[in-house]
2 protein chains.
Amino acid sequence: VADPGLERLSLNMWTTRRWSLPEAVDGCLRAGIPGIGLWREKVAETGLESAARLVAGSGLTVTSLCRGGFFTDATTDNRRAVDEAAALGAQALVLVTGGLPSGRTDLPAARRTVTTGIAELAPYAAERGVRLAIEPLHPMFCADRSVVSTLGQALDIADEVTAETGRDNVGVCLDTYHVWWDPQVLAQIDRAGPRIYAFQVCDFLMPITADPLLGRGHVGDGVAGIPALARAVAATGYRGLVEVEIFNADVWATPGDQTLVTMAERHRAHLAGII
Amino acid sequence: VADPGLERLSLNMWTTRRWSLPEAVDGCLRAGIPGIGLWREKVAETGLESAARLVAGSGLTVTSLCRGGFFTDATTDNRRAVDEAAALGAQALVLVTGGLPSGRTDLPAARRTVTTGIAELAPYAAERGVRLAIEPLHPMFCADRSVVSTLGQALDIADEVTAETGRDNVGVCLDTYHVWWDPQVLAQIDRAGPRIYAFQVCDFLMPITADPLLGRGHVGDGVAGIPALARAVAATGYRGLVEVEIFNADVWATPGDQTLVTMAERHRAHLAGII
């Protein structure tokens with residue numbers, strides 16, 4: 001049961017990275033936060049069956065499972081990720097698509113590999129009731145993590161996969177940290193419509209940190225202009241939760257319960273009236 | 001007079017940052033590099049009139065003057081930058097548009113300020129025969145340096161300014177470091193056509209450096225896939241030079257003449273047959 005004003009809030013477990021899955025579930029229940037975004041590593045620590053039982057018994061909404069993808073790396077077992085998403089009742093399996101193959105610079109080829117990989121995975125996922133959410137990552141991660149860099153590009157891939165497979169279970173995971181700078185972002189959110197399967201918020205801190213992965217902050221601490229993005233997402237009719245996913249060494253060093261207090265404060269201050 | 005294979009090569013002076021303008025001019029002449037991109041700071045050190053005489057007497061093509069812009073900062077004197085570009089015979093004045101005003105997150109508003117500022121400047125520049133080259137910067141610089149983040153956005157602004165002012169002296173400066181990741185870049189290069197007023201090359205190094213401004217390398221050292229971009233630029237009919245602009249602490253610590261040798265080697269190896 002959610003606390004008043006927190007009905008749409010979800011904790012992505014990487015925000016409280018030091019917590020195990022049972023600790024994160026308990027933390028959400030204590031804080032009146034009704035949703036949780038899971039990570040496969042954390043699920044594996046607990047064991048898939050135990051995790052699925054625990055989450056189902058908690059009444060929390062599983063807003064996402066992070067993550068499948070990395071299509072340019074043949075060792076990734078994406079069917080297993082789909083099976084886990086199905087077992088956990090996750091609203092979406094988030095796909096981080098992978099970067100350039102080592103030593104290569106043929107970006108168009110890497111992008112074709114991604115589309116092919118998603119098209120191969122989509123029917124398998126559809127048959128198990130799993131939605132695939134392509135997550136565009138900030139262009140600074142293009143070479144090493146995601147050759148999908150914009151929301152428009154993610155939607156183009158979703159369109160292509162749907163045309164090829166006849167399945168409509170491919171959409172996007174929208175993370176404010178990654179997309180705020182995009183001159184096309186509001187138009188592409190509108191285009192996405194019901195294909196926004198997950199909405200993650202975290203702010204973009206300045207200056208950029210030495211490890212660019214960790215320059216994420218609580219809503220309101222950075223430059224991403226999150227309320228305007230949330231308003232656009234709400235205007236599409238999005239009815240899902242708002243998942244807070246923060247990679248930040250200081251946040252990770254903070255006790256989890258305190259992080260959830262901050263998350264709740266920021267949600268009420270910046271987003272509760274909007275989405 | 002250019003050395004064989006270097007007919008299209010230009011040195012952006014910030015690549016040999018420790019050189020004064022007279023030293024950079026001499027360096028280019030020694031190395032058989034026929035073009036130079038100037039910086040206002042370096043021109044000011046020499047004095048505008050002396051610099052203009054020196055450059056004109058050298059026979060070098062002035063491929064750009066860096067830089068005007070920063071429209072969100074009212075202290076920037078862009079008319080003076082235009083006057084300098086005219087005096088120096090620069091083929092374009094490069095505009096770096098500026099980031100978000102301090103403490104603000106209204107990105108659409110900042111972008112409108114940029115378009116307004118360029119529209120105010122364009123007639124003044126046109127009357128002095130100066131072309132304005134909007135330079136999109138990598139999205140990681142959106143907050144602090146350039147709210148113009150993609151080539152498509154820069155061309156949209158150029159279109160808008162031309163429609164408003166009736167002047168056709170607004171185009172783009174295309175820097176491979178900033179645009180290589182963009183899924184639309186090849187289509188937008190084609191769209192740009194004759195509006196590519198400056199073409200700068202430098203590679204995108206991985207991993208991203210602690211100071212993200214300095215993660216630039218010689219052509220071939222990174223992931224930007226520069227030859228494919230150069231091929232697209234050549235296909236537009238671009239007849240200008242290819243300016244090497246590298247911000248990198250190791251390159252700056254290298255003797256200038258050695259840097260020019262490396263530039264020439266890389267140009268011959270990767271670009272001379274293409275553009």
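Numbers restart at 1 for each chain; the letters A, B, ... are given by sequence-line order, proteins then strands. What you see below is based on every heavy atom in this structure, not just the backbone, and it leaves out hydrogens, waters and symmetry mates.
- Between chain A and the residues B/Gly225, B/Ala210, B/Pro183, the most heavy-atom pairs under 4.5 angstrom are made by B/Pro183.
- Ranking A/Cys142, A/Pro227, A/Gly215 against chain B, the residue ahead of the rest is A/Cys142, based on heavy-atom pairs under 4.5 Å.
- The environment of A/Asp211 atom CG is dense: over 12 non-hydrogen atoms of other residues, nucleotides or ligands sit within 6.0 angstrom.
- Neither the backbone nor the side chain of A/Ala228 comes within less than 4.5 Å of any heavy atom in chain B.
- For A/Pro212, the part sitting under 4.5 Å from any heavy atom of chain B is the side chain, from C-beta outward, and nothing else.
- Residue A/Asp106: no heavy atom, backbone or side chain, is found under 4.5 Å from chain B.
- Aromatic ring pairs are classed by plane angle as parallel below 30°, tilted from 30° to 60° and perpendicular above 60°; the pair A/Trp181 and B/Trp181 is perpendicular.
- Looking only at side-chain heavy atoms (C-beta outward), A/Ser149 and B/Asp182 stay at 4.5 Å or farther from each other.
- Distance check, rounded to the nearest 0.5 Å: CG of A/Leu100 to CE of B/Met206 gives 9.0 Å.
- Between B/Met140 and A/Pro139 there is no side-chain heavy-atom pair separated by less than 4.5 Å.
- Between chain A and the residues B/Thr105, B/Val147, B/Leu186, B/Thr209, the largest count of heavy-atom pairs under 4.5 Å involves B/Thr105.
- Most heavy-atom pairs under 4.5 Å with chain B: of the set A/Ile208, A/Asp156, A/Ile226, this distinction falls to A/Ile208.
- Other residues, nucleotides and ligands contribute only 12 or fewer heavy atoms inside 6.0 Å of the CD atom of A/Glu164.
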